[in-house]
Amino acid sequence: MADQAQQLREMMKGREEAPVQEKKNTRIIAVTSGKGGVGKTNMSVNIAIAYAQLGKRVIVMDADLGLANVNVALGIIPKYNLYHVIRKQKRLEDIILDTEYGISFVAGASGFSKIANLTAEERESFVMELASLSSADVIIIDTSAGVSANVLSFVAAADDAIIVTTPEPTAITDAYGIIKIIATEIDSLNLGLKLIVNRVKSVTEGKKVAERVINIAGQFLNLKVDYLGYVYDDLSVPQSVLKQRPFMVNEPNGKAAICVKHIVSRLEKVEYKEGGGVGRFIRRLIGRM
């Protein structure tokens with residue numbers, strides 16, 4: 001792994017001397033979770049739509065290279081996906097799809113568990129393709145659930161990393177578990193880690209779950225995790241999933257949609273930090289490979 005990372009850094013050396021022209025304020029947000037089934041992809045898609053409603057140009061990239069499903073949430077069957085980019089059959093800019101919801105998205109591939117399994121040449125090509133996303137104001141990266149080199153790479157490279165959990169004991173345990181692994185594997189305590197508690201019955205329930213996770217992370221890991229907010233357990237969410245329409249569009253005045261609007265407002269106004277841009281993200285991502 002270290003040898004491959006060094007090779008990639010050497011291959012990038014010449015390119016860094018002549019950097020790609022980019023929007024320096026592109027903000028890159030990785031969304032992850034300790035376990036599946038907590039609503040991670042739903043959060044990714046609907047946060048993206050909330051950003052778009054603020055007038056931002058947003059791209060959602062499905063970085064789950066094994067069980068991609070952002071396209072399912074959007075009700076779209078893509079002709080091409082990251083598999084075609086990795087195999088150099090298509091450029092990344094060629095597979096970006098615009099949607100009726102005001103956002104664009106890059107479909108994830110199936111059959112690849114992690115980027116680290118690719119050859120050095122394939123990974124270099126993929127990383128360089130990421131530069132074509134730099135026209136966006138915000139890039140939301142929907143990672144796979146659980147812990148893998150893929151997830152850790154995106155979390156370490158992004159400007160902000162959002163961890164999604166629910167009040168279920170197993171989800172809370174897994175959320176702490178992924179935070180612990182992040183703290184162990186990534187040599188930085190300024191990761192911009194943020195927590196969303198999904199499917200809460202009350203404000204109090206969301207706050208209690210968040211305090212539990214945040215306090216343990218601070219006490220035992222010396223890691224700061226910010227409570228970004230909660231999303232109510234809202235019937236409009238499963239109904240929207242069945243219709244394959246994001247709840248921000250299907251029920252824009254529903255409890256879940258209002259919660260997501262507040263979450264995006266906090267992302268923009270509470271401890272806001274300007275995005276480091278795609279170039280910075282690429283350099284940090286390479287450092288994790």
Side-chain angles (χ1 to χ4, degrees), residues 27 29-54 58 60 73 138 140-143 145-146 155 158-180 182 191-219 221 223-241 245-273:
R27 190 174 188 180
I29 302 171
V31 182
T32 191
S33 64
K35 68 188 292 285
V38 298
K40 172 184 59 61
T41 295
N42 240 346
M43 286 299 103
S44 298
V45 169
N46 287 280
I47 286 173
I49 292 173
Y51 259 115
Q53 291 175 352
L54 293 178
V58 187
V60 178
V138 181
I140 307 289
I141 299 177
D142 182 42
T143 75
V155 167
D159 296 305
D160 298 282
I162 296 175
I163 298 167
V164 181
T165 189
T166 70
E168 295 179 3
T170 54
I172 296 171
T173 300
D174 288 342
Y176 174 71
I178 193 171
I179 291 171
K180 183 176 181 179
I182 288 171
L191 292 169
L193 287 182
K194 293 175 172 59
L195 183 71
I196 291 177
V197 184
N198 192 22
R199 300 177 192 153
V200 304
K201 302 295 185 184
S202 66
V203 176
T204 301
E205 183 179 42
K207 186 176 180 180
K208 285 182 177 179
V209 171
E211 287 179 346
R212 179 177 172 185
V213 174
I214 290 170
N215 289 341
I216 293 175
Q219 181 179 353
L221 305 175
L223 190 65
K224 186 175 185 291
V225 180
D226 295 317
Y227 180 35
L228 194 54
Y230 60 88
V231 177
Y232 277 118
D233 190 8
D234 185 351
L235 285 177
S236 71
V237 176
Q239 291 170 355
S240 298
V241 170
R245 286 178 63 82
F247 62 77
M248 285 291 297
V249 176
N250 197 48
E251 291 288 343
N253 296 316
K255 293 190 294 183
I258 291 172
C259 288
V260 169
K261 291 176 184 178
H262 283 299
I263 284 170
V264 170
S265 176
R266 292 188 188 102
L267 276 169
E268 286 293 284
K269 297 177 182 179
V270 177
E271 295 185 15
Y272 174 76
K273 60 179 182 180

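Quick caveat: nothing in here was measured; it's all calculated off a predicted structure.
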Walk me through whether F247 and V241 qualify under side-chain contact (heavy atoms from CB on, under 4.5 Å).
CA-CA 8 Å; F247 62 77; V241 170; over 6 Å; no
Between Q53 and K261, does a side-chain contact (heavy atoms from CB on, under 4.5 Å) hold up when you go through it step by step?
CA-CA 9 Å; Q53 291 175 352; K261 291 176 184 178; 4.0 Å; yes
Check the pair I47, V260 against side-chain contact (heavy atoms from CB on, under 4.5 Å), reporting the backbone distance first and the verdict last.
CA-CA 6 Å; I47 286 173; V260 169; 4.1 Å; yes
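Between L221 and Y176, some side-chain heavy-atom pair lies under the 4.5 Å cut-off.
Among residues two or more places apart in sequence or in another chain, the side chain to side chain contact (heavy atoms under 4.5 Å, CB included) test is passed with D234 by S236, V237, K255, A256. Listed by chain and residue number, I172, I179, L195 satisfy the side chain to side chain contact (heavy atoms under 4.5 Å, CB included) test with V213 (two or more places apart in sequence, or in another chain).
Taken from CG in D226 to CG in D160, the straight-line distance is 9.0 Å, to the nearest 0.5 Å. Distance check, rounded to the nearest 0.5 Å: CG of N42 to OG of S240 gives 8.0 Å. Rounding to the nearest 0.5 Å gives a distance of 8.0 Å between CD1 of I182 and CG of L223. Of the inter-residue distances, the one linking N46 atom CG with I140 atom CD1 reads 11.0 Å to the nearest 0.5 angstrom. In this structure, Y227 OH and E211 CD are separated by 9.0 Å, a value rounded to the nearest 0.5 Å. With values rounded to the nearest 0.5 angstrom, I162 atom CD1 is found 11.0 Å from D142 atom CG.
With Y230 as reference, V200 is the one residue of V200, V209, I263, T204 to meet the side-chain contact (heavy atoms from CB on, under 4.5 Å) rule. Under the side-chain contact (heavy atoms from CB on, under 4.5 Å) rule, T32 has a single partner from I178, V164, I141, which is I178.
For the residue pair E205 and R199, the shortest heavy atom distance occurs at OE1-O, 4.4 Å. Across all their heavy atoms, G206 and V197 have their closest contact at O-CG2, 3.7 Å. The two residues V58 and A52 have their closest heavy-atom pair at CG2-N, 3.8 Å. When all heavy atoms of E251 and A257 are compared, the closest pair comes out as O-CB, 3.4 Å.
Side-chain polar atoms of Y51 and E268 form a donor-acceptor pair below 3.5 angstrom.
In terms of modelled atom types and a separation under 3.5 Å, the side chain of K40 and the main chain of T143 share a donor-acceptor contact. With T165 contributing its side chain and A171 its backbone, the two residues share a donor-acceptor pair below 3.5 Å.
When the shell of 6.0 Å around CZ of R245 is examined, it contains more than 12 heavy atoms from other residues, nucleotides or ligands.
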